[in-house]
K.L.:
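Sharing a structure with you now.
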Amino acid sequence: MSLPDRNNPYSFADYLAWRENVDYYVDDPFIQKVVRHFCGNHADLVDAEARECSKKASFKWRRMAESIAVPEKQPFMMHYDAHHNRIDRIVRPNETEIMEREIFSEAMFSENTHPWVKLIKMFLIYQNGEACISCPLTCTEGMVEILGRFSESEETKKILEHCKEGMDGDFAIGAQYLSEIQGGSDVPANLLEAVEEDGVWKLYGAKFFCSATHADYAIVTAKPRGSEKVALFVMPSWLPGNKEKEVRNGFTIDRIKWKLGTSELTTAEITLNGAVAYPVGPLDRGVANVVGIVLAYSRLTVGISAGAFMSRVVREAKKYAEMRLVFGMPAAGFPLVAGQIREMEKITQETVAGTFKLYRTFLSLPGGFSGGRPADEGEEMRKTRFMVRELVMLQKITASWDSTDVIRRAMSLFGGHGVIEDFSSLPRLYRDSAVNELWEGPRNVLLTQIFRDLQNAVSWFPAKEFVAKVLEGAPEEKIAAFGSDLERFLSCPNFFALDDETIKLAAEWDKFCHDFYHAYQELALGEV
């Protein structure tokens, strides 16, 4: 019986009390099992570090991330100071700067931080969404890796040290400025010009998609004057002594873009007019190095980000469904809801397990990612390196897609509350996840690249052998089916003929790649 009551006693207090006290690591038995399985001899260290990091990520940093997400705290540009000096100051909330300083002080890219510790910390931190943290962390990792291979000048060595170990307690933040107005994924089409003037390289032109614009340094692609080859440079945002004076290094920040998600993070259009920069690697190897090293690390991180997003939203949606009474019983008591929760948990666990499995194989590669094949590498390691490259792209398109889909479904369990921005963080994570699908190569670009890579490798890494290596341990009939399908696809010359047959085949290729990586994730979950 339900009689009128003008003082409706219904309250969300129990749910909110639970949510406020969740520890991302301690209260997640599954991620603890994943760590125990994949981290091997380092499991105790990783577990201990995770417990300490989770105390901050689950509470203080979570509250900060939620505080800065409101519209009135969005970053904005101050182009001039009161005396008409051009400063291009990016004004951000104080909470953002505190949280950023504390997280980067974890020294995740230090020689003293084990890669597994870095990964688990990222997993915990990313459960708070972008929060002006995820992208800068990823970009800084790519910068550290590329400079670690090609840091030859005193300037680049100093930048590397600033990013890895910090200077006087200050850890530098990196960014990547690759995209131009004609498109982001077609890096060889870049037109930004690099000119060597009196022994100093300077950059001229415009970049159209510059995220983490507040960073201390940026990896920038540009073509040396008179060359069709793309080179790679690292550019300081301020030259020594000028950060305090707010004098930018020969470039202007023209405007901040208005994005669907990752709104706490500035993405800007910039114009470079003689910005001092330092070459990174051979001037004719910029594309290979930025794709093979910098973007490879970024794409790898998308998997852990997707798993982190899903872990949080499914946990919160499940608990809400258990507590929310509808038609006299908990929402989770209805078979439709219970089945949806079960499916979302499975996808989440497969994503997390798949990321750790892939990372374990990545750690077996001598030197990690590289812009090309080492000359003295054996055939088996060559195949493993190639496999990891393709799995990174397959993970990127699959995990980011699944993340957005799972968050959308999780929001539906909240009913109308699911889209209320201050009721939960799910709408924000949904928008951040949608952006993740596009960062570091949208789906169609990577699907085409995977096809071209596999087709070019057929002579030394046949389709069936590739499938068998990726799905080692799977049932033979599954390996055979995927192997036969891949052979069929690779017999097609390309996906560029605009006819009904090719359009149909391209759609089938999309589904094949999604299903193939899911099979890899299922194996990983089976291991756990």
K.L.:
Are Phe489 and Phe451, when compared by the centres of their aromatic rings, separated by less than 6.0 Å?
P.N.:
no
K.L.:
Can the positive tip of Lys257 be found less than 6.0 Å from the middle of the six-membered ring of Phe208, inside 45° of the ring normal?
P.N.:
yes
K.L.:
Is a donor from one side chain sitting under 3.5 angstrom from an acceptor on the other, for Tyr126 and Ser311?
P.N.:
no
K.L.:
Flag the pair Tyr217 / His162 as yes when their ring centroid distance falls below 6.0 Å, and as no otherwise.
P.N.:
yes
K.L.:
Okay, side chain of Lys56, backbone of Ile125: is any donor-acceptor separation there less than 3.5 Å?
P.N.:
no
K.L.:
Which of parallel (below 30°), tilted (30 to 60°) and perpendicular (above 60°) describes Phe38 and Phe356?
P.N.:
tilted
K.L.:
Got a salt bridge between Glu161 and Lys157, using NZ or NE/NH1/NH2 to carboxylate O under 4.0 Å?
P.N.:
no
K.L.:
As an exercise, state the distance from CG of Leu486 to CD of Gln455, rounded to the nearest 0.5 Å.
P.N.:
10.0 Å
K.L.:
Is the Phe495 ring parallel, tilted or perpendicular to the Trp509 ring (thresholds 30°, 60°)?
P.N.:
tilted
K.L.:
Under a 3.5 Å threshold, yes or no: a donor from one side chain and an acceptor from the other, between His214 and Glu100?
P.N.:
yes
K.L.:
Is it true that a side-chain atom of Ser305 and a backbone atom of Thr301 form a donor plus acceptor pair closer than 3.5 Å?
P.N.:
no
K.L.:
Assess the side chains of Gln449 and Asp453: does a donor N or O sit below 3.5 Å from an acceptor N or O?
P.N.:
yes
K.L.:
If you measure only the distance, is there a donor-acceptor pair under 3.5 Å linking the side chains of Thr156 and Ser153?
P.N.:
yes
K.L.:
Taking NZ, NE, NH1 and NH2 as the nitrogens, is one of them in Lys469 or Glu380 under 4.0 Å from a carboxylate oxygen of the other?
P.N.:
yes
K.L.:
Please tell me if the side chains of Phe233 and Leu283 come closer than 4.5 Å, counting only heavy atoms from C-beta onward.
P.N.:
yes
